Structure formats: C-alpha cells, structure tokens
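Just below is one structure, and these are the notes that go with it.
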Amino acid sequence: MAREVEKGFRTIRTVRTEDIHMRDPFVYFYQNEQTYYLFGTTFADGCGDKDPVFEVYAGRDLSEWTGPYVAFQPPAGFWGVRHYWAPEVFEVDGRFYMFASFKGGIGENRGTGILAADHPAGPYRPHSDGPVTLGGSECLDGTYYEDGDGQRWVVFCHEWTEIYEGKIKALRLSRDLKGSYGEAVTILNAADMDWIRLFRDPRIEKEGYLTDAPFLHKARNGELLLLWSSYSVPNYSDAGLGGYTVAIARSASGRIEGPWTHDRNLLMDRNAGHSSLFRDRKGRLRICTHYPDTPHGHERPLFLPLEETDNGLVLAAAGRL
C-alpha cells in the first residue's frame, strides 16, 4: 500500500479470502496503487466496550488480504449506533464516498448515510446530513449512481419489515452529496416477481417480500441493469436451491425513471447474494458476493468472472458454483 491505514483493536494478519467471515462484500480496485480494498459487514454491532466500525482489508491478487484495518470509526454523537451494514465506496470529484447502512437510536429509523475520505481505505468521516434515504422509513443498502445528465442518485431498499412488500426506490442527491430531494422513484416491488418466496423472521414475528443489495451497471446496448437479491422458491431455476439469489431488472431507456422490466432468469440461485461488480487489474468484470448465505457464520467473500453480452451479464463458465 502507498499509505498507512488506520489500525483498530483487532490483530492485523495476512489471510486468504476463504478465511474472512464477511457478509455484503464490496471490492474497490485503486488503480493508483494497483491495490484491491475489500469492505463488508463485519463488526456491525460492536462488542463489549468496542463500538461498531467499518473495516477494510488490502490485497494485490484477490486471494490474500491484510487486515482488518479501520475504515470508519464513528465519532461521539454520530447518528448511526448499530447495524453497520453493506458499505460501498465510489470515487466522485476526486474524493471517496462510502454509502452505508446504519440504524439510529431508540425510535429512529435505519437508513443509508454517506461518509467521505481522501483515500479509498479511509479514514472516513461523516459527510451527509444524516441518512439520505426516505425520512421516517426503514431503508437500507443504498448505492450510488450518476446518470448521463449528471444527476446523482441514491438507490436503496424500502424495507419489508415496514411495508411487507419490499421495494427498491431511488432519490435524487444534491451535487455535494449532503442530502437527497424530490419524490422517490419506485423501481420495483418484490411481490411482483414470480420467483420470489416470502421471507420470515420469527424474532420479530413478521414475514414479507424482502429486497436487498441494489447495484447498477450499464449494459453495452445502453440498457441500465439493476442487480438485487432476495429469496427464491425451490426448483425455480437450474440449481433449484430456493435460497438467496441475484436477480436482474432492466431499464430499456437507460434511465433510473425506467420503465423497468424483470428478467425471468436469475443471474445466481446458489445460496449466494448481496452482489456488486468491479473490474480487476486486467479490466475483467467480476461479481463480488458472499457465499454461502446460510448457515450464518459461514459467509465468505467470493469473486466470480462475468461475461458481458450486448444486453446483459452471464456467469463465466469458469466461475459457476
């Protein structure tokens, strides 16, 4: 690495990918250093006298990583107190911005906040004026997108725990990424999918149609693709696992405003999901996901090669589970 990253209380080690317990992995490849930075959901709720943090690993080859370092240590009074989930990092106007989920204090909602740093590994500091997702609503998994007109967006999940039929929505962001404005655009309603199954959480005595992990990618033909995750019914696809999935929605106009349609075939139905995309040092497109999704405690980052078609994405033969 070209710079020293922040160390926390955890021991810094060099480990292999399969030794890292992580959900919601995200890889940022920093060309200036020819280094991969791996983020994800790790120390999400703190432990003992240690506050929750976002951590980062650094590596050169997607096989071995050194870490965990601390990418974000919340300052006193920060609005997010737990559920530090699903960090994603984007370079915008020469700075680095982390979009991440947080749960507020008692009586406050979950939402996506934006943090900022001068280096992709951090240290990140609070940037947005609180969450940039829907005020007064349970939201998570916000991601960033800038359209061809220069409009900046946060695309996020409106939680099934609040509205039963989970949705994916988008809000316009201010140019400085401090806040959002306008009416939300609804991209999809999970209940409309013929492959989806109800998700149950007995701890809160609720069930509904879950939405997770939106991530956007422009296809070669100009269509805008949205990757997202939920749970599929058994025997829907070739694997027939009925587990955590990656689905694709598409906007033929190439715009957030749609109209949006939904691919019948799932990109992944392998008990793996919460995916994002990145290009490796050779420019090859890869999907970054956690596998398996269950049983909990076994989740590990997984990086599979993709093939780009004119209008979409398929898993490369060498990368199929």
Side-chain angles (χ1 to χ4, degrees), residues 24 86 88 90 99 101 111-112 132-134 137-173 180-199 208-233 236-237 244-269 273-277 285 287 289 306-315:
D24 319 328
E88 297 186 358
F90 303 89
F99 285 60
S101 298
T112 291
V132 295
T133 43
L134 290 171
S137 292
E138 287 289 299
C139 302
L140 79 169
D141 288 357
T143 191
Y144 175 73
Y145 183 70
E146 182 169 342
D147 66 24
D149 298 326
Q151 175 61 59
R152 296 170 175 179
W153 298 83
V154 58
V155 180
F156 59 94
C157 298
H158 194 171
E159 271 271 68
W160 69 276
T161 55
E162 178 189 350
I163 58 175
Y164 178 72
E165 297 179 354
K167 295 180 173 64
I168 293 180
K169 298 182 177 182
L171 278 169
R172 293 169 175 83
L173 289 170
S180 57
Y181 64 94
E183 293 293 320
V185 174
T186 298
I187 292 175
L188 65 84
N189 182 333
D192 294 337
M193 310 301 136
D194 58 6
W195 53 264
I196 204 165
R197 68 174 166 88
L198 282 170
F199 182 78
Y209 293 102
L210 175 143
T211 50
D212 273 350
F215 191 84
L216 294 135
H217 175 75
K218 259 297 181 68
R220 289 174 174 172
N221 66 357
E223 291 185 335
L224 183 58
L225 307 182
L226 174 78
L227 281 66
W228 65 287
S229 288
S230 191
Y231 289 86
S232 66
V233 295
Y236 178 83
S237 65
Y244 206 41
T245 65
V246 180
I248 292 181
R250 64 182 63 234
S251 168
S253 70
R255 301 183 62 85
I256 289 286
E257 296 91 333
W260 290 87
T261 58
H262 307 283
D263 289 9
R264 286 190 55 82
N265 294 329
L266 297 170
L267 180 62
M268 294 179 67
D269 185 13
H274 197 115
S275 300
S276 54
L277 305 178
L285 191 66
I287 189 168
T289 192
L306 290 172
E307 295 174 357
E308 293 186 82
T309 64
D310 284 344
N311 69 340
L313 304 166
V314 294
L315 286 176

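In what follows, residues are counted from 1 in the order of the sequence shown. These figures come from a predicted structure and were not determined experimentally.
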**Message:** Could you check whether atom CG of Asp192 has more than 12 heavy atoms from other residues, nucleotides or ligands sitting under 6.0 Å from it?
**Reply:**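 Yes, because the 6.0 Å sphere around CG of Asp192 holds more than 12 heavy atoms from other groups.
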**Request:** Please tell me if the side chains of Asp141 and His274 come closer than 4.5 Å, counting only heavy atoms from C-beta onward.
**Result:**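 Touching, per the 4.5 Å side-chain cut-off.
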**Request:** To the nearest 0.5 Å, tell me how far Thr211 OG1 sits from Trp228 CH2.
**Result:**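 Separation between the atoms: 7.0 Å.
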**Asked** If you measure from SG on Cys139 to NZ on Lys169, what distance do you get to the nearest 0.5 Å?
**Response**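 Here the interatomic distance stands at 7.5 Å.
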**All ring pair (Phe, Tyr, Trp, His ring centres under 6.0 Å) counterparts of Tyr145, not counting sequence neighbours** =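 If we apply the ring pair (Phe, Tyr, Trp, His ring centres under 6.0 Å) test to Tyr145, skipping adjacent residues, there are no hits.
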**Request:** For Tyr231, enumerate each residue passing the ring pair (Phe, Tyr, Trp, His ring centres under 6.0 Å) test, keeping only those at least two apart in sequence or located in another chain.
**Result:**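 For Tyr231 the ring pair (Phe, Tyr, Trp, His ring centres under 6.0 Å) partners, ignoring immediate neighbours, are Phe199, Tyr244.
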**Message:** Between Ser275 and Thr289 (side chain of the first, backbone of the second, donor and acceptor by atom type, cut-off under 3.5 Å), is there such a pair?
**Reply:**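 Judged by distance alone, no pair lies under 3.5 Å.
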Can you list the residues that meet the side-chain contact (heavy atoms from CB on, under 4.5 Å) rule with [X], with sequence neighbours excluded?
{"X": "Glu146", "value": "Tyr144, Arg152, Arg175"}
{"X": "Asp263", "value": "Ile248, Arg250"}
{"X": "Gln151", "value": "Asp147, Trp153, Arg172, Tyr181"}
{"X": "Ser180", "value": "Val132, Leu171, Leu173"}

**Asked** Going by atom types only, do Glu88 and Thr143 share a side-chain donor-acceptor pair under 3.5 Å?
**Response**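 There is such a pair between these side chains.
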**Request:** Kindly give the heavy-atom pair with the smallest separation between Leu224 and Arg255, and that separation in Å.
**Result:**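 The pair with the smallest heavy-atom distance is CD2-C, 4.0 Å.
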